[in-house]
Amino acid sequence: LVVQGSNGEYPYLTEEERVEVVKTVRRSLPAGKLLMAGSGCESTRATVQLTEKMAAAGADVVLVVNPCFYKGKMDARALIQHFTKVADSSAVPVVLYSVPANTGLELPLDAVVHLSQHPNIVGLKDSGGDITRIGLIVHRTKEQDFQVLAGSAGFLMAAYCVGAVGGVCALANVLGAQLCELERLCVSGRWEEARVLQQRLIEPNAAVTRKLGVPALKQAMEWFGFHGGACRSPLQPLSDAETQQLRRDFTSTGWL
């Protein structure tokens, strides 16, 4: 499980809350289940400190988003130094997290390739959706022990086609079994069946990510029998019109 990713609303939680969430999930998970925890902060020092606390709370791996408030200064040199210091001090492996829709900044390709050589940086979650970039990162890091993960369900099959090994997908909170089936179809080379399933997942995925966001994801979870709950302010609940749009996006593809 990935805890404290974008859909965990981590920017709105205190450090204590972020750590407590990870502790709670760790207590609930079977021992053999991998727990990846988001520990990214704006400063290197804060990220190092939170990474240490996440490892102590039971995280097997940390997911570290790039700093972005001063994005004009977050060039390859700054980001390489940041992630290197975090990885040097971390007791658990580090996965890089590039989510340009939220940060306004894509991790530079050359920085990713450089960082892939670090023994404690084991992968990248790429939520940008640029398949040529994902394929090139896989190619440029193939000599390293480095895994590339698709950051969204909308391009999961395409990412598998160019060498990604998995995905961290918001839609899995709602249609987890279906995304696991898509993974099985891709890994077993059943591409025609995978294509049909992938196409049915694109609209609902877009609805709970770039179109309507976290409030929509939580509403969809409620429809499917899970506990989505309320968002933290300043995120707002869906309007009636947005709720109707969300239902259309799930019914038109046969999920509701």
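Positions are given from 1 along the sequence. Every heavy atom of this structure was used, including side-chain atoms; hydrogens, water molecules and symmetry mates were not.
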Visitor: Grouping I, L, V, M, F, W and Y whenever their side-chain heavy atoms are under 4.5 Å apart, do Val94 and Val22 come out in a common cluster?
Guide: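 Same hydrophobic cluster.
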Visitor: Check Glu17 against Tyr12 and note the closest heavy-atom contact, atom names and distance.
Guide: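 Nearest pair, atom of Glu17 first, then Tyr12: OE1-O, 4.4 Å.
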Visitor: When clusters are formed by joining ILVMFWY residues with side-chain heavy atoms under 4.5 Å apart, either directly or through shared neighbours, do Leu238 and Phe250 land in the same one?
Guide: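 Linked within one cluster.
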Visitor: Salt bridge check: are Glu242 and Lys211 linked by an N-O gap of less than 4.0 Å?
Guide: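 No, this pair does not count.
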Visitor: Strictly below 4.0 Å, N to O, side chains only: are Glu20 and Arg27 in salt-bridge contact?
Guide: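 Salt bridge between Glu20 and Arg27, a charged N being under 4.0 Å from a carboxylate O: yes.
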Visitor: Is Glu15 paired with Arg18 through a side-chain N to carboxylate O contact shorter than 4.0 Å?
Guide: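 Glu15 and Arg18: not salt-bridged.
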Visitor: Take atom CD in Gln178; do more than 12 heavy atoms of anything else shown fall under 6.0 Å from it?
Guide: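 Atom CD in Gln178 is crowded, with more than 12 foreign heavy atoms closer than 6.0 Å.
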Visitor: Closer than 4.0 angstrom, basic N to acidic O: yes or no for Arg26 and Asp60?
Guide: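 Yes, Arg26 and Asp60 are salt-bridged.
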Visitor: Would you check, one step at a time, whether the test side chain to side chain contact (heavy atoms under 4.5 Å, CB included) holds for Tyr97 with Leu124?
Guide: CA-CA 6 Å; Tyr97 184 15; Leu124 164 72; over 6 Å; no
Visitor: Can you confirm whether more than 12 heavy atoms, excluding those of Asp145, are under 6.0 Å from its CG atom?
Guide: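 Incorrect, the count does not exceed 12.
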Visitor: Are any side-chain N or O atoms of Arg140 and backbone N or O atoms of Val113, one a donor and one an acceptor, separated by less than 3.5 Å?
Guide: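 No, Arg140 side chain to Val113 backbone: no donor-acceptor pair under 3.5 Å.
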Visitor: Measuring from Leu115:CG to Ile121:CD1, what's the distance to the nearest 0.5 Å?
Guide: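 It is 4.5 Å, given to the nearest 0.5 Å.
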Visitor: Please answer: with hydrophobic residues joined when any side-chain heavy atoms are less than 4.5 Å apart, are Val165 and Met157 in the same cluster?
Guide: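 Not linked; separate clusters.
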Visitor: Hey, are Arg248 and Glu203 close enough for a salt bridge, meaning a charged N less than 4.0 Å from a carboxylate O?
Guide: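 The answer is no: the pair does not qualify as a salt bridge.
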Visitor: I'd like to know whether Leu136 forms a side chain to side chain contact (heavy atoms under 4.5 Å, CB included) with Thr132, so could you lay out the CA-CA distance, the side-chain angles of the two residues, the decisive distance to 0.1 Å, and finally the verdict.
Guide: CA-CA 6 Å; Leu136 186 55; Thr132 58; over 6 Å; no
Visitor: If you measure from CG on Leu105 to CG on Leu79, what distance do you get to the nearest 0.5 Å?
Guide: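 One gets 6.0 Å once the value is rounded to the nearest 0.5 Å.
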Visitor: Do Thr47 and Val64 come within less than 4.5 Å of each other through their side chains, counting heavy atoms only?
Guide: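 A side-chain contact exists here, since the closest heavy-atom pair is under 4.5 Å.
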Visitor: What distance do Ser39 atom OG and Tyr10 atom OH have between them, rounded to the nearest 0.5 Å?
Guide: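 The distance works out to 10.0 Å.
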Visitor: Would you name the heavy atoms of Leu179 and Ala172 that are closest together and state the gap between them?
Guide: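 The pair with the smallest heavy-atom distance is CD1-N, 3.3 Å.
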Visitor: Please confirm whether the backbone N or O of Val92 pairs with a side-chain atom of Asn120, one donor and one acceptor, at under 3.5 Å?
Guide: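 Yes: the side chain of Asn120 pairs with the backbone of Val92.
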Visitor: When rounded to the nearest 0.5 angstrom, what is the spacing between CD1 in Ile137 and CZ in Phe146?
Guide: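 It comes to 7.0 Å.
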Visitor: Answer yes or no: does atom CZ of Arg45 have more than 12 heavy-atom neighbours from other residues, nucleotides or ligands under 6.0 Å?
Guide: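 No - once you tally the heavy atoms of other residues, nucleotides and ligands closer than 6.0 Å, there are 12 at most.
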Visitor: With the side chain counted from C-beta on, respond yes when Pro204 and Val174 share a heavy-atom pair under 4.5 Å apart, and no when they do not.
Guide: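 In short, these two side chains do not touch, never coming nearer than 4.5 Å.
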Visitor: Measure the shortest side-chain to side-chain distance between Cys169 and Ser152 over non-hydrogen atoms and say whether it is less than 4.5 angstrom.
Guide: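 SC-SC contact between Cys169 and Ser152 ruled out.
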Visitor: Kindly check if the number of other-residue, nucleotide or ligand heavy atoms within 6.0 Å of CD (Gln144) is above 12?
Guide: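 Yes - once you tally the heavy atoms of other residues, nucleotides and ligands closer than 6.0 Å, there are more than 12.
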Visitor: Does a donor on one side chain and an acceptor on the other come within less than 3.5 Å for Ser98 and Asn66?
Guide: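 Not at all, the side chains of Ser98 and Asn66 share no donor-acceptor pair under 3.5 Å.
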Visitor: Between Ser90 and Val86 (side chain of the first, backbone of the second, donor and acceptor by atom type, cut-off under 3.5 Å), is there such a pair?
Guide: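 No; zero donor-acceptor contacts below 3.5 Å.
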Visitor: Evaluate the side chain to side chain contact (heavy atoms under 4.5 Å, CB included) criterion for residues Leu256 and Trp223: first the C-alpha distance (whole Å), next the side-chain angles of each, then the deciding distance (0.1 Å), finally the verdict.
Guide: CA-CA 9 Å; Leu256 276 176; Trp223 288 341; 3.5 Å; yes
Visitor: Looking at Gln81, Lys85, His82, which one forms a side-chain hydrogen bond (donor to acceptor under 3.5 Å, both in side chains) with Thr44?
Guide: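 Between Thr44 and the candidates, side-chain hydrogen bond (donor to acceptor under 3.5 Å, both in side chains) is satisfied uniquely by His82.
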Visitor: Return yes if a side-chain donor-acceptor contact under 3.5 Å exists between Thr141 and Ser116, otherwise no.
Guide: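 Side chains of Thr141 and Ser116: no pair found under 3.5 Å.
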Visitor: What pair of heavy atoms forms the shortest contact from Gly167 to Leu156, and how long is it?
Guide: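 Heavy atoms only, the tightest pair is CA-CD1, 3.9 Å.
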Visitor: Tell me if the CZ atom of Phe224 is crowded by more than 12 foreign heavy atoms within 6.0 Å.
Guide: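 Yes, the 6.0 Å shell around CZ holds more than 12 heavy atoms from other groups.
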Visitor: Looking at Lys53 and Glu16, does any basic side-chain N land under 4.0 Å from a carboxylate oxygen?
Guide: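 The answer is no: the pair does not qualify as a salt bridge.
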Visitor: Working to the nearest 0.5 angstrom, can you tell me the gap between Ser127 OG and Phe155 CZ?
Guide: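 Here the interatomic distance stands at 6.0 Å.
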Visitor: Do Glu181 and Leu197 have side chains that approach each other closer than 4.5 Å (heavy atoms only, starting at C-beta)?
Guide: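 Sidechains of Leu197 and Glu181: in contact.
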Visitor: Is the shortest side-chain heavy-atom distance between Val62 and Val95 below 4.5 Å?
Guide: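 Result no, sub-4.5 Å side-chain heavy-atom pair not found.
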Visitor: Can you name the closest pair of heavy atoms from Asn7 and Val214 and give their distance?
Guide: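 It is OD1-CG2, 3.6 Å.
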Visitor: What's the separation between atom CG in Asp110 and atom CD1 in Ile80, rounded to the nearest 0.5 Å?
Guide: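 Rounded to the nearest 0.5 Å, the CG-CD1 separation comes to 8.0 Å.
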Visitor: State whether Glu9 and Lys218 are salt-bridged, where the test is any N-O pair (Lys NZ or Arg NE/NH1/NH2 against Asp/Glu carboxylate O) under 4.0 Å.
Guide: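 Counted as a salt bridge, because a side-chain N and a carboxylate O are separated by less than 4.0 Å.
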Visitor: Where the side chain of Gln236 meets the backbone of Pro234, is there a donor-acceptor pair that is under 3.5 Å apart?
Guide: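 Yes; judged by distance alone, with no hydrogens or angles, the pair exists.
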Visitor: Could you pull out the closest heavy-atom pair between Ile131 and Ala159, with the gap in Å?
Guide: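 Distance-wise, the nearest heavy atoms are CD1-N, 3.9 Å.
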Visitor: Side chains of Arg247 and Thr243: does their closest heavy-atom pair fall under 4.5 Å?
Guide: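 SC-SC contact between Arg247 and Thr243 ruled out.
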Visitor: Between Ile134 and Leu182, is there a shared hydrophobic cluster once you connect ILVMFWY residues whose side-chain heavy atoms come closer than 4.5 Å?
Guide: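 Ile134 and Leu182: separate clusters.
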Visitor: In a check of side chain to side chain contact (heavy atoms under 4.5 Å, CB included) between Met74 and each of Cys68, Pro108, Pro67, which one passes?
Guide: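 Going through the options one by one, the only one that passes is Pro67.
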Visitor: Report yes if the side chains of Leu63 and Lys125 come closer than 4.5 Å at any heavy-atom pair, otherwise no.
Guide: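 Side-chain contact under 4.5 Å: yes.
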Visitor: Any donor and acceptor pair, going by atom type alone, linking the side chain of Asp249 with main-chain N or O of Leu246 inside 3.5 Å?
Guide: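 The answer is no, because no donor-acceptor pair under 3.5 Å joins these two groups.
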Visitor: Go through it in stages, so that I can follow the logic: the residues are Asp126 and Arg133, the test is side chain to side chain contact (heavy atoms under 4.5 Å, CB included), and I'd like the CA-CA distance, side-chain angles, deciding distance and then a yes or no.
Guide: CA-CA 9 Å; Asp126 193 313; Arg133 168 186 154 90; 2.9 Å; yes
Visitor: Hey, quick one: are Val112 and Val148 part of the same hydrophobic cluster, counting side-chain heavy atoms closer than 4.5 Å, chains of contacts allowed?
Guide: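 Hydrophobic grouping puts Val112 with Val148.
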Visitor: Shortest non-hydrogen contact from Ala37 to Ala59?
Guide: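 Minimum heavy-atom separation between Ala37 and Ala59: CB-CB, 3.7 Å.
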Visitor: Judged by atom type as modelled, is there a donor-acceptor pair below 3.5 Å linking the side chain of Ser233 to the main-chain atoms of Leu235?
Guide: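 It does not hold such a pair.
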